[in-house]
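These notes are about the structure you will find just below.
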Amino acid sequence: MPELPEVETIRRDLSTRVVDKKIIALDARDHKVADKNLAKILVGKKFIKIERRGKLLAFLLSDGQYLLAHLKMTGQLIYKEKRTRSKEKIVAGGHKISPSDLQVPNNFTRVIFSFVDKSQLFFNDMRRFGYLKLASADEKEKIFNENFGIEPLTENFKFKNFSALFARRKTNLKALLMNQKLIAGIGNIYADEACYCAGLLPWRKAGSLTAGELKRLFSSITEVLKVALKNRGTSFDDFVDAQGEKGGHYNFLNVYERDGEKCRRCKSIIKKTRHAGRGTHFCLKCQK
DNA sequence: GTGTTTGTTATCAA
DNA sequence: CTTGATAACAAACA
């Protein structure tokens with residue numbers, strides 16, 4: 001479930017690897033995931049830089065267009081230096097190595113970029129929610145501006161803008177934090193983690209937070225995302241970085257997927273319910 | 001066979 | 001018009 005720290009990890013990894021390399025071939029084998037005329041446009045071009053807004057990546061092409069990439073739930077972007085054998089590897093005992101062992105390409109590989117230096121970029125997506133699509137510079141700018149709210153970890157993320165989102169809002173905290181049009185990049189994991197860090201229950205009405213609580217939440221979001229990014233993201237099943245390696249933040253989670261385990265702060269049991277249609281984890285003693 | 005997982009959007013309701 | 005709540009989507013796993 002790539003959220004801001006995971007997508008930013010991939011952006012940084014790929015920025016040092018695929019930028020400025022000529023694309024010599026494109027294998028778009030799944031037309032649900034990849035724009036139909038992708039190959040026609042991309043072959044012969046280069047990526048100039050990679051931008052990110054929330055969980056959306058935007059690769060600037062040498063012709064001024066953008067390639068937008070969204071990983072949704074199970075998307076992966078994996079870079080390999082050299083062309084790999086395409087046949088599944090057979091290990092001792094005769095069973096095939098599963099896709100989670102990350103041989104690429106595999107059954108879930110939807111698009112393959114081949115670069116002039118023989119390196120390749122694989123877009124995998126088990127559930128096929130993700131996409132690659134082209135957008136003009138204007139279209140990309142419109143999407144960036146209209147679909148995403150304030151961007152954490154940037155200088156646009158100011159307390160004044162942040163607290164304004166909560167005034168008179170009737171929705172609950174969790175739904176607000178995950179609303180991309182208000183705050184960009186937070187999903188289920190970091191919404192729960194930020195609420196725990198701030199000591200606030202996720203079903204609190206947004207408009208009920210005091211100035212002090214808002215201050216705590218504001219700094220908690222920055223802290224949680226910053227640490228997760230430093231640890232290169234959280235991996236459960238699917239997330240891997242551009243080298244195919246799992247993120248290191250799993251063992252630092254305080255509540256997400258820790259229901260039934262002891263709160264690290266007060267030792268009471270972490271509980272799980274459902275809010276905003278999502279699994280929601282919390283410590284009743286530490287969060288009010 | 002059933003329930004569960006989640007990012008985003010469509011749809012309906014207030 | 002704005003805001004909110006919920007179902008739906010896809011696919012695999014326990």
Side-chain angles (χ1 to χ4, degrees), chain A residues 1-11 29-34 52-58 68-77 95-102 106-111 123-133 135 142-144 146-149 151-152 164-195 202-208 225 228 233-240 247 249-250 253 255-260 270-281:
Chain A
M1 299 139 272
E3 303 178 27
L4 188 155
E6 290 78 27
V7 178
E8 176 63 13
T9 296
I10 290 173
R11 191 195 67 79
R29 45 179 77 181
D30 184 335
H31 285 233
K32 180 179 189 297
V33 164
R52 178 189 60 76
R53 190 80 164 84
K55 305 166 194 169
L56 181 66
L57 289 170
L68 304 181
H70 204 303
L71 302 173
K72 293 286 180 85
M73 292 177 57
T74 56
Q76 304 172 324
L77 279 167
H95 70 278
K96 286 180 282 193
I97 287 182
S98 73
S100 61
D101 289 316
L102 278 176
N106 60 39
N107 287 342
F108 307 131
T109 299
R110 311 300 178 189
V111 182
F123 183 87
N124 298 340
D125 189 4
M126 183 178 75
R127 296 186 204 179
R128 303 167 76 218
F129 271 22
Y131 60 79
L132 294 179
K133 67 177 179 188
K142 194 167 142 69
I143 290 169
F144 269 28
E146 293 181 2
N147 292 1
F148 299 100
E151 182 75 39
L165 301 174
F166 291 73
R168 294 174 298 282
R169 267 247 151 65
K170 292 194 171 68
T171 191
N172 65 47
L173 201 41
K174 173 118 183 186
L176 189 153
L177 291 177
M178 295 198 304
N179 185 337
Q180 302 301 299
K181 286 194 161 70
L182 301 179
I183 305 173
I186 298 178
N188 209 23
I189 299 172
Y190 301 109
D192 283 2
E193 293 296 318
C195 286
W203 54 87
R204 284 279 301 276
K205 294 293 171 198
S208 79
L225 294 177
T234 303
S235 294
F236 293 101
D237 300 318
D238 300 297
F239 170 70
V240 289
H249 193 63
Y250 181 86
L253 294 176
V255 285
Y256 189 84
E257 285 284 277
R258 290 194 72 244
D259 44 306
I270 302 295
K271 301 288 187 189
K272 179 179 180 181
T273 55
R274 186 160 278 264
H275 282 95
R278 296 291 173 256
T280 298
H281 314 73

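The chains referred to below are lettered A, B, ... by the order of the sequence lines, with proteins before strands, and numbering in each begins at 1.
- Every side-chain contact (heavy atoms from CB on, under 4.5 Å) that A:D30 has, sequence neighbours left out, goes to A:K32, A:V33, A:R110, A:R128.
- By the side-chain contact (heavy atoms from CB on, under 4.5 Å) test, A:K133 is found to be paired with A:D35, A:L68, A:Y131, residues two or more places apart in sequence or in another chain being considered.
- Atoms CG (A:D125) and C1' (B:dT8) sit 13 Å apart, rounded to a whole Å.
- For the pair A:L57 CG and B:dG7 P, the interatomic distance rounds to 15 Å; values are reported in whole Å.
- Nucleic acid contact for A:G279: sugar-phosphate only, since backbone atoms but no base atoms lie under 4.0 Å from a heavy atom of the residue.
- Not counting sequence neighbours, the partners of A:R258 by the side-chain contact (heavy atoms from CB on, under 4.5 Å) test are A:E261, A:R264, A:I270.
- Contacts of A:R169 classified as side-chain hydrogen bond (donor to acceptor under 3.5 Å, both in side chains), with partners at least two apart in sequence or in another chain: none.
- Nearest heavy-atom pair across A:A191 and A:L177 is O-CD1, 4.0 Å.
- For the ring-ring contact (aromatic ring centres under 6.0 Å, His included) test, residues two or more places apart in sequence or in another chain that qualify with A:Y256 are A:F236, A:H281.
- With sequence neighbours left out, A:R204 forms a salt bridge (charged side-chain N to carboxylate O under 4.0 Å, His left out) with A:E213.
- Contact check, A:R127 against B:dT4: no side-chain N or O comes under 4.0 Å of OP1 or OP2.
- The interatomic distance linking A:H281 (NE2) with B:dT4 (P) rounds to 13 Å, in whole Å.
- Residues from residues 173-180 of chain A with heavy atoms under 4.0 angstrom of DNA chain B, sorted by number: A:Q180.
- Pairs passing the salt bridge (Lys or Arg N to Asp or Glu O under 4.0 Å) check and including a residue from residues 172-182 of chain A, sequence neighbours excluded, read A:K174-A:D192.
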ask   = Could you run down nucleotides 9-14 of chain B 5' to 3' and tag each one B, S or - for protein heavy-atom contact under 4.0 Å?
value = ------
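- Chain A approaches DNA chain C over the interval C:dG4 to C:dA12, counting the first and last nucleotide 5' to 3' with an atom under 4.0 Å from its heavy atoms.
- Listed by chain and residue number, A:D125, A:M126, A:R127, A:D238 satisfy the side-chain contact (heavy atoms from CB on, under 4.5 Å) test with A:T74 (two or more places apart in sequence, or in another chain).
- With the nearest nucleotide of DNA chain C identified for both A:L182 and A:R278, A:L182 has the one nearer the 5' end.
- Using a distance-only test at 3.5 Å, with no hydrogens or angles considered, a donor-acceptor pair links the side chain of A:E6 to the main chain of A:T234.
- A:E257 pairs by the salt bridge (charged side-chain N to carboxylate O under 4.0 Å, His left out) definition with nothing, not counting sequence neighbours.
- At the heavy-atom level, A:R128 lies under 4.0 Å from the strands shown only through sugar-phosphate atoms.
- Nearest-nucleotide positions on DNA chain C for A:K32 and A:R168 put A:R168 closer to the 5' end.
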